Every structure is written in structure tokens, then in C-alpha cells.
Amino acid sequence: MSKKRLYLALITALVLAAVPHGAAAQDKIKIGFLPGVVDPFYQVMQLGVEVAAKDLGVQVVTQIPQTWGVEAQTPILDAMVARGDLDYIVTAPTDKDQMIGPLKAAVDAGIKVITVDTFLGDGDYVNGPVTFPISYIGSDNVEGGRISARGLAKATGGKGLVYINSTNPNVSSVEGREQGFKEVMEKEFPDIKVLGPDYNLDDQNKAAQQTAAVLEREADLAGVFGTNVFSAQGAGTAVVNAGLGGHVQVVAYDATQLAIELMNNGVVSLVLAQKPFDMGYLAVQFAAADAAGVTSLPRRVETGFAIIDKDNVKDPAIARFIYQVPAK
Ligand code: T6T
């Protein structure tokens, strides 16, 4: 058993041992869950939160912003703090700098913070500029960007022009993906030139328009990297609408049903599945462990990826990471 799995098993044992099933924790802690926006990734994360809450007998209050951004997330956060009955907030900060103040205010009001998927500052909660969150639980997005670059380089034969379509600046997750992608293209694929990113403000139609404009402008475009659900789905749709499916390769971050469909239709050549269920489940476990007095929680947990292509998509050990959103 790997060290990491051993560690997580140890955490689980500590939590379950320290918190008699449903009793103390239920009486003691209430968690506010505040993800970034309504999308399949966070819907699967919410599943993880709810299953852990049931397993550990803790109460969770969930509020989901309708749009991505500080303007939408901050008022909800402030309202959560004002309730006065929350002990922990599990959240994906929608800006790595602008959400520091509002979340610090939550801590000053006696609420502990765990960040999932995105982080504050530079994400180093031990030696970095921001250290008040208990932990960051999410993907190593720089590594995810590197994997995406190697996937697109393979699909394009290691040469040509490629384009990045992304969501928002100053968001730790997609910023890391862009950074890792560019780093590998620069170091390992000198015959590949990178355009972008353009920012679609997490709007799939905008992503499609931006990609269509680049396809129009750059007749020899070889590939597109969509850094998240709406970027990849928008980019893929634009490639299909331009009749360039299979000709212009697309790499998609996030394993939605549509991304998999686009892959089965030969438009998308690689899908990077994150593990949002794990992020949600572990965050609730960490809150219960902290409440039970555990003081050795890792300050950073990288939840890993499943790399999906048309050869392994049918393998149940891989397909299980496709984002299955429960029907309403
Ligand atoms: O890619 C995920 C998440 O990791 C990112 O921070 C924001 O976008 C998603 O939620 C997908 O839409």
C-alpha cells in the first residue's frame, strides 16, 4: 500500500476512532459548503461532501453561486458567516487574492476554513503568504497542465499551432493548468507554438465564440486545450461546428459526459478527470478530525487524476471517474 494511501487510511482510522459514529461530531460541528459555481465538477464534489457528512454524522449547509466570481461568492460567504452557527467552511475560492479578505473575516469570526479545488495565495499554507486555512485538497493543476500538453503534442504529432481557452485570470486551478501546459510545450516541444489563453469567464458559449474566431483566423491551427468543463466543451463544439473534428485536436480538462461524447466522436483526444468526489469527502473528514482534536492533518492533499482516452474509456476502473451527476 502506497505511503499516501497508508496516510489517508491512518487519517480515516483516527477520525472514526476519535469520533464515535454520529455522536460527538453531530452535536459539535456544522459545515458550510461553498463551491465555485454550478457545474458537473462541483456537483460530484457535493456528492462526496454529502456521503461523508452522512458517514460521520455531521451537518452540512450548501450554497452554490450561480456564476463564477468574487462578486457572486463573497455575499454568500458573508451570509454564511453571519448565520453564527457554522464551525467550518469548505470552499473553492474563486480568486486566489480577492477571497483572502472575506475568508480571513470568517476565521476571525471563529470559523475554520478548508479550501478544495482552488487555493488562496500560493497554496503553501505552511510557508506561504496565506496560512490560515487548515488544508488545500485538490488537484496538482500544474502537473495536470503538463499531462494535457503531452497529450496534445502526441495528438498533433509534436508540431504546429495550438490554442489555450481558459476561464478566468487569477484562479489558482486554471492558472496552474496554463502554467504547466506552457512549461512543457516550451521545454519539450519546440516545434509547437502556443496561442492564448483567452478567458471565457466560465461561459461555454463565449468559449465557443472565442475558439471559432481563432479557427477562422488560424487556418493551420492543430490543437486546442480547454482548461475546464466549459472551456473544453465550448472549444470542442466550435471545432465540430467548423467541421474540423478529428483535424483540430482537442484536450479537455474535466471528465463530463459531453467531453466523453466528443472523444467518442473523435473530436477530443484526451480527457483529464479530476477527483471531485474525493475532494468533497476528504474535506468533511478533515473538518471532523480537526473538531475531534486531530492536529496532524496534511496541509495539502493532491487527489490525482484519471487520464482518459478512447482506448481506456470503457475500462470500468477508468470510466468510474467520469463525472456522474445525479439526476434531480
Ligand atoms: O475545472 C473545474 C475546477 O477545477 C476549476 O477550478 C473550475 O472549473 C471547474 O469547476 C470545471 O468547470
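Model, not experiment: these values are computed from the prediction. Whatever order the structure lists ligands and atoms in, that order sets their numbers, starting from 1.
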Whether Tyr253 lies under 4.0 Å from ligand 1, heavy atom: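 So Tyr253 does not count as touching ligand 1.
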Min heavy-atom dist Gln43 to ligand 1 below 4.0 Å: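 It does not, in that no heavy atom of Gln43 comes within the 4.0 Å cut-off of ligand 1.
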Val229 neighbourhood, listing ligand 1 atoms whose heavy-atom distance to it stays under 4.0 Å: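 Close to Val229: 11 (C), 12 (O).
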Flag side-chain contact, heavy atom, 4.5 Å: Met99 against Leu77: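 When only atoms from C-beta onward are counted, Leu77 and Met99 do touch, with a gap below 4.5 Å.
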Polar contact flag, side-chain donor to acceptor under 3.5 angstrom, Tyr136-Ser172: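 Looking only at side-chain atoms, Ser172 and Tyr136 do not form any donor-acceptor pair under 3.5 Å.
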Donor on one side chain, acceptor on other, Asn200 and Ser231, under 3.5 Å: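 Yes, because at least one side-chain N or O of Asn200 sits under 3.5 Å from a partner of the opposite role on Ser231.
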Residue that, paired with Leu262, satisfies side chain to side chain contact (heavy atoms under 4.5 Å, CB included) out of Val240, Val250, Val239: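 Result for side chain to side chain contact (heavy atoms under 4.5 Å, CB included) with Leu262: Val240.
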Nearest-0.5 Å distance that lies between atom CZ in Phe277 and atom CD in Glu50: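 It comes to 10.0 Å.
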Atom pair CD1/CD of Ile322 and Glu261 - distance to nearest 0.5 Å: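 Rounded to the nearest 0.5 Å, the CD1-CD separation comes out at 11.5 Å.
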Proximity to ligand 1 by part of Asp254, non-hydrogen separation under 4.0 Å: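 Only the side chain of Asp254 comes within reach of ligand 1.
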Thr118 contact mode with ligand 1 (heavy-atom cut-off under 4.0 Å):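 Side chain only.
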Closest to atom 4 (O) of ligand 1 (judged by heavy-atom distance), picking from Asp39, Asp117, Leu272: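 Looking at heavy atoms only, the winner is Asp117.
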Top protein contact for atom 8 (O) of ligand 1, by heavy-atom distance: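 Its nearest protein heavy-atom neighbour is Asn228 ND2, 3.0 Å.
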N or O pair under 3.5 Å between Ser173 and ligand 1: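 Between Ser173 and ligand 1 (N or O atoms, distance only) the closest approach is under 3.5 Å.
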